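If you're wondering where the values come from, they're calculated on a predicted model, not measured in any experiment. Count residues from 1 along the sequence. Just the heavy atoms: all of them, side chains too, but no hydrogens, waters or symmetry mates, feed the values below.
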Amino acid sequence: MSEMDNAKKLVGEEAVKYIEDGMKVGLGSGSTVYWMIKKLGEYVEQGLDVTGVPTSQTTAQWAKEFGIPLTDFSELKQLDVTIDGADEVDENLHLIKGGGGALLREKIVASAAKELIIIVDRSKKVAHLGAFPLPVEVIPFGWEVTANNISTLGCVPKLRQKDGEVFISDNGNYILDCPFDKIPNPKTLHKELKSLVGVVETGLFVGMTDKVIVGEGDEVEVISKG
Ligand SMILES: O=C(CO)[C@H](O)[C@H](O)COP(=O)(O)O
């Protein structure tokens with residue numbers, strides 16, 4: 001296993017320590033979250049009583065595979081904690097998410113939780129957001145117009161493809177990857193993007209994170225919202 005994968009496993013397993021008996025848990029998406037779900041499955045097998053709300057179809061599959069009971073927002077309106085990965089985390093704990101294309105459901109699930117815990121390997125910690133192209137979920141109809149409008153904010157959006165096809169999100173939308181290079185004010189950019197017709201959601205998670213668990217080598221650092 002690579003050093004990075006080892007760090008993802010480490011923080012994924014560490015995060016499970018924050019899940020208590022009886023909790024309703026938002027289950028994020030991505031390869032780091034995979035390790036959290038796998039470990040949580042072991043705890044459930046030993047008798048831990050938890051219910052999860054998944055942020056993607058892939059996560060729902062993993063949860064089923066590891067025996068974690070699932071529910072949805074028709075059954076509950078609030079979660080105790082959401083545990084998710086990220087593509088970038090800055091010093092203010094603002095995030096870029098959506099590398100896996102699940103940003104909309106991730107944001108809904110994060111916003112429903114009393115606490116949002118982010119798990120990342122060290123490579124995701126940055127001084128300024130923006131080196132990772134910002135994922136923006138858009139309505140397929142007229143995406144070219146939406147992309148053109150987004151470009152006036154200072155990037156050249158690229159329509160996401162997967163295996164030679166246009167990538168379709170779990171919500172039936174497209175993702176535009178927007179290389180802003182540096183995002184000095186994530187809150188302002190998020191607002192500007194959201195004001196454009198056709199934009200459904202952005203991968204900027206501003207002021208939502210309570211805790212970040214960072215893994216490097218065999219070390220774990222926990223950073224709490226200050
Ligand atoms: O936002 C996400 C998916 O939409 C993921 O949390 C993010 O891409 C991190 O993934 P990984 O843990 O595989 O590096």
Can you give the donor-acceptor pairs under 3.5 Å from side chains of residues 193-207 to other protein atoms, not counting sequence neighbours?
from	atom 1	to	atom 2	distance (Å)
Lys194	NZ	Val200	O	3.4
Lys194	NZ	Glu201	OE1	2.9
Ser195	OG	Glu192	O	2.7
Glu201	OE2	Lys107	NZ	2.9
Thr202	OG1	His190	ND1	2.7
Thr202	OG1	Leu204	N	3.1

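Across Thr59 and Gly28, no two heavy atoms sit closer than the pair OG1-O, 2.8 Å. Taking both residues in full, the closest heavy atoms of Ser111 and Met208 are given as N-CE, 3.8 Å, listed atom of the first, atom of the second, then distance. Residues Ala147 and Pro157 approach most closely at O-CG, 3.4 Å, considering heavy atoms. For Ala113 against Val81, the heavy-atom pair with the smallest separation is CB-C, 3.9 Å. When all heavy atoms of Gly215 and Ala7 are compared, the closest pair comes out as O-CB, 3.5 Å. Residue Ala127 comes nearest to Glu91 through the heavy atom pair CA-OE2, 4.2 Å, listed as atom of the first residue, atom of the second, then distance.
Considering only heavy atoms from C-beta on, Asn173 stays 4.5 Å or farther from Trp143 through its side chain. When side chains are defined from C-beta on, Val222 does not count as touching Val212, because their heavy atoms never get closer than 4.5 Å. Counting heavy atoms from C-beta outward, Cys155 and Pro179 have side chains that approach closer than 4.5 Å. Inter-residue side-chain proximity for Thr152 and Ile150 is flagged as unmet; no heavy-atom pair is nearer than 4.5 Å.
When atom types are taken as modelled, the side chain of Asp121 and the backbone of Met4 share no donor-acceptor pair closer than 3.5 angstrom. Side chain of Asn92 to backbone of His94: no donor-acceptor contact under 3.5 angstrom is found. Checking side-chain atoms of Arg160 against main-chain N and O of Ile168 turns up no donor-acceptor pair under 3.5 Å. In this structure a side-chain-to-backbone donor-acceptor pair under 3.5 Å is present from Lys124 to Ala86. Counting only distance, with no hydrogens or angles, the side chain of Ser151 and the backbone of Val156 share no donor-acceptor pair below 3.5 Å. In this structure, Arg105 contributes its side chain and Asp170 its backbone to a donor-acceptor pair below 3.5 Å. Side-chain atoms of Glu13 never come within 3.5 Å of backbone atoms of Trp35 as a donor-acceptor pair (strictly under, hydrogens ignored).
If you check the side chains of Thr55 and Glu106, you find no donor sitting under 3.5 Å from an acceptor. Under the 3.5 Å distance criterion, with hydrogens and angles disregarded, no donor-acceptor pair is assigned to the side chains of Thr71 and Thr51.
Leu159 contributes atom CG, which lies 11.0 Å from atom OG1 of Thr146 (distance to the nearest 0.5 angstrom). Residue Leu10 holds its CG atom at 9.0 Å from CD of Glu219, rounded to the nearest 0.5 Å. Ile119 CD1 to Lys8 NZ: the interatomic distance, rounded to the nearest 0.5 Å, is 10.0 Å. Note that the OH atom of Tyr174 and the CD atom of Gln161 stand 9.5 Å from one another [nearest 0.5 Å]. Residue Thr32 holds its OG1 atom at 10.0 Å from CD1 of Ile118, rounded to the nearest 0.5 Å. Distance check: Glu115 CD to Tyr18 OH gives 8.5 Å after rounding to the nearest 0.5 Å.
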Please test Leu79 against Val25 for side chain to side chain contact (heavy atoms under 4.5 Å, CB included), starting from the C-alpha separation and ending with a verdict.
CA-CA 6 Å; Leu79 300 166; Val25 183; over 6 Å; no

Residues Leu40, Phe66; criterion side chain to side chain contact (heavy atoms under 4.5 Å, CB included); working and verdict
CA-CA 8 Å; Leu40 185 57; Phe66 295 120; over 6 Å; no

Give the C-alpha distance, both sets of side-chain angles, the deciding distance and a yes or no for side chain to side chain contact (heavy atoms under 4.5 Å, CB included) between Asp21 and Val50.
CA-CA 6 Å; Asp21 202 48; Val50 291; over 6 Å; no

Is there a side chain to side chain contact (heavy atoms under 4.5 Å, CB included) between Ile83 and Leu27 once you walk through the steps?
CA-CA 6 Å; Ile83 299 173; Leu27 305 171; over 6 Å; no

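Grouping the Ile, Leu, Val, Met, Phe, Trp and Tyr side chains by contacts below 4.5 angstrom, directly or via other members, places Leu176 apart from Ile139. Leu93 and Ile183 fall into different hydrophobic clusters, where Ile, Leu, Val, Met, Phe, Trp and Tyr side chains are chained together by heavy-atom contacts under 4.5 Å. Hydrophobic clustering (ILVMFWY, side-chain heavy atoms < 4.5 Å, transitive): Ile175 and Leu104 are in distinct clusters. Under the 4.5 Å side-chain heavy-atom criterion for grouping Ile, Leu, Val, Met, Phe, Trp and Tyr, Met1 is connected to Val220 within one hydrophobic cluster. Each of Leu116 and Leu76 belongs to its own hydrophobic cluster when Ile, Leu, Val, Met, Phe, Trp and Tyr are linked at side-chain heavy-atom distances under 4.5 angstrom.
For Glu144, the CD atom counts as densely surrounded, since its 6.0 Å shell holds more than 12 non-hydrogen atoms of other residues, nucleotides or ligands. Remark: Glu3 CD is loosely packed, at most 12 non-hydrogen atoms of other residues, nucleotides or ligands lying under 6.0 Å away. Within 6.0 Å of the CD atom in Gln78, the count of heavy atoms belonging to other residues, nucleotides or ligands exceeds 12.
A salt bridge links Asp210 and Lys225; the closest N-O separation between the charged side-chain nitrogens and carboxylate oxygens is under 4.0 Å. A salt bridge between Lys17 and Glu14 is present, with a side-chain N of the basic residue lying under 4.0 Å from a carboxylate O of the acidic one.
Among residues at least two apart or in separate chains, salt bridge (Lys or Arg N to Asp or Glu O under 4.0 Å) pairs with a member in residues 56-84 are Asp80-Lys114, Asp84-Lys97.
In this structure Trp62 satisfies the ring pair (Phe, Tyr, Trp, His ring centres under 6.0 Å) test together with Tyr34, sequence neighbours excluded.
Exactly one residue among Val214, Val33, Ile213 makes a side-chain contact (heavy atoms from CB on, under 4.5 Å) with Val11. That residue is Ile213.
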